[in-house]
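Okay, so here's the structure we're looking at.
These figures come from a predicted structure and were not determined experimentally. Lettering of chains follows the sequences in order, A, B, ..., and the numbering in each one begins at 1.
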Amino acid sequence: MDYTFTEEQEMIRQSVREFAERKIAPIALKMEETKEIPMDIVKGMAELGIIAPTASPDYGGVGFDAVTCTIVAEELARADPTGSIPVFYLIQASWGHVLNKYGTHECKSEVFPRVTKGDWFLGIATTESDAGSDLGSTRTRITPTEKGYVVNGEKMYISGVREAYNRGGGHVTIAKQTPELGTRGMTLFYLPLQVKGITPTYVDDLGREGISTGGFTIDNVEIPKHYLIGEENKGFYIVHEGYEFARGLISVICASAGLKSLENGMNYIKQRKCFGTPIGKFEGIQFKLAEHYTKLSMLKDMAYKAMHTFDLEQKGKAKRFEVSKAIAMAKLFAQEWACAAIDDVMQWQGAFGYTKECPDQCAWRAVRSFGWAEGSKEVMRIIVGRELLGREFIPYR
Amino acid sequence: MEFVVLVKQVPDTTEVKVDPKTGTLIRDGVPSILNPFDQFALEEALRLREKIKDRIPVNVTVISMGPPQAKTAIMKCLALGADKGILLSDRTFAGADTWATSLTLAEAVKKLGKFDIVFCGQQAIDGDTAQVGPEVAQLLGIPQVTYVDSILGFENNKITVRSLTDDGYRVVEVKLPMLLTCSTPSSFEPSNPSMAAILKANKKPFEIWTAETLGGDKSKFGLSGSPTQVSRVYSPPVRGKGVVYKENIEEGIKKVVEALMDKKVI
């Protein structure tokens, strides 16, 4: 058993950490006001090679595996308490993996060089007003035509709508092609947003404010055949591979944001005195610190193990559902444990913890979204239960 | 043309604490980094290579002396654009003072055969002696310019550099081969190696040279070859007293400016 990263991975961590500390950390809180990631940061990430790093070098990426992507996510989450840049990163890394593996050469040649340079955004659009974790309730339709496909429907609570609509790019999207087959009749495809028939809407989120959240209506949008991802009617299976990649990254982002917050908290409780003694000496605080640190370290280890299992599956050395279980276990407590730790750090800091100057409140708002993003924590429990008891125990069948 | 860059892996001194009892650095758990002055020296070498590449092809070799883990610093240099890395690593080299270190590095540079410019950082941030660069130049028998903050010109086997002095700077023209120690300007922003460059670095030539590789009398290396020994490390007492001007703001500013001009700070 070897718990060490490779020499290359350590260098990758160091390089991303230096970039994140020098460029991202100083401007992170400003994104709460500007509501966007500054373009020089996006371009810096592109030069570094960490936008959609899962894309093959043939298309402008670096072909990172899941574990190496997780290292990058961990470092970005340390530097950006708003969670905006980690989200911007994780979506493009995860759905870059799916497009890279299942997309056509024409589509990858068109999309990846622009995405990896930071000019375009590559997102994921599966959620609808009445279909989130319950993907089978999707109403959006895709219909084959002579030239390709026509798509109709509406997507909601989608990250990066403004980025793709204004700057270019699009979203890996799912729709029903053969509705009578349920989840077995769903097709995955690339949907550009700068086309006739797309009308965006936006929502104000509680956190992660540097990246937009919104939706779009899809009115008779025609797409070419080569935008198909995988095979027709097989989208439901493929989309879970992307979700699992994203869930693993989210787990480490939660752990890393929580651990960074604990670092902030430790600096504070060593200095702040109450009744003549640093408050870090009080067991009421110290014990919580120890518990949170232990839980978040466990969480981080589980995230890496899950992503390692993901990589094993790609090499044919692990089974699909082993990955599903490992990833679901890693995400199951991620948001709750991280939010609990950050909440205590805010408490230790008293009134300051409740001000907008305090990065920890910002981290709390960002991490809170991961209780449902890319698969709710309730669904994670269903997946683990399913793998332990068998498919006949799935409650919604 | 051959450029050689001498680098050192150092503890990140922004993370180092001093043991109040012994006065020594507490290095446990402190991350190691490429000496920032050396990174600037490397980037100067790479910039010059880029500038003259159309007329003169240049090969950049990085040499470092240190334990096996110092390979990380060399790998970073390779990821930043150096062509080849050599790590001088052997128990015989351990405990070297600046003299023995310089001698070992100079032997390695000689073993390379041809060299045109040797780039060094002005000093390492852990020892701060600023002795190794000048000593290597002396041992190689080549001219040296210290505290160089910019390369102004390069032609016909001559290099023109700007070298900082206590009073300002001087512009120096030197014939090759030569050695320069680089003084990092405050505006310098170190580059981060890109992901693609890191992946390529592992495919570049990297060698470990031992005392055997360098040959000759082993007693001239490491502790046995060191004429100096550190007897004590301590924080020097603060010399001089601070001055507080208690006049009104305008008068106070005037006096501060006068004092700074008097001391030739401005």
Side-chain donor or acceptor of A:S15 paired with backbone N/O of B:P193 under 3.5 Å: yes
Quick check on [X]: does its [atom1] atom have over 12 non-hydrogen neighbours (other residues, nucleotides or ligands) under 6.0 Å away?
X	atom1	answer
B:K71	NZ	yes
B:K204	NZ	yes
B:K110	NZ	yes
B:I249	CD1	no
B:Y169	OH	no
A:Y293	OH	no

Interatomic spacing from CG in B:L199 to CE in A:M11 - rounded to 0.5 Å: 9.5 Å
Which pairs count as salt bridge (Lys or Arg N to Asp or Glu O under 4.0 Å) when at least one residue sits in residues 108-124 of chain A, sequence neighbours excluded? A:K43-A:D119
Is A:E7 close to chain B through its backbone or its side chain, or both, or neither, when contacts mean heavy atoms under 4.5 Å? side chain
Correct closest heavy-atom pair for A:V62 and B:M195 would be CG1-CB, 4.0 Å
Most chain B-contacting option - heavy-atom pairs closer than 4.5 Å, from A:E10, A:E8, A:Q14: A:E8
Residues of residues 74-93 of chain B contacting chain A, heavy-atom criterion under 4.5 Å, by residue number: B:M75, B:K76, B:A79
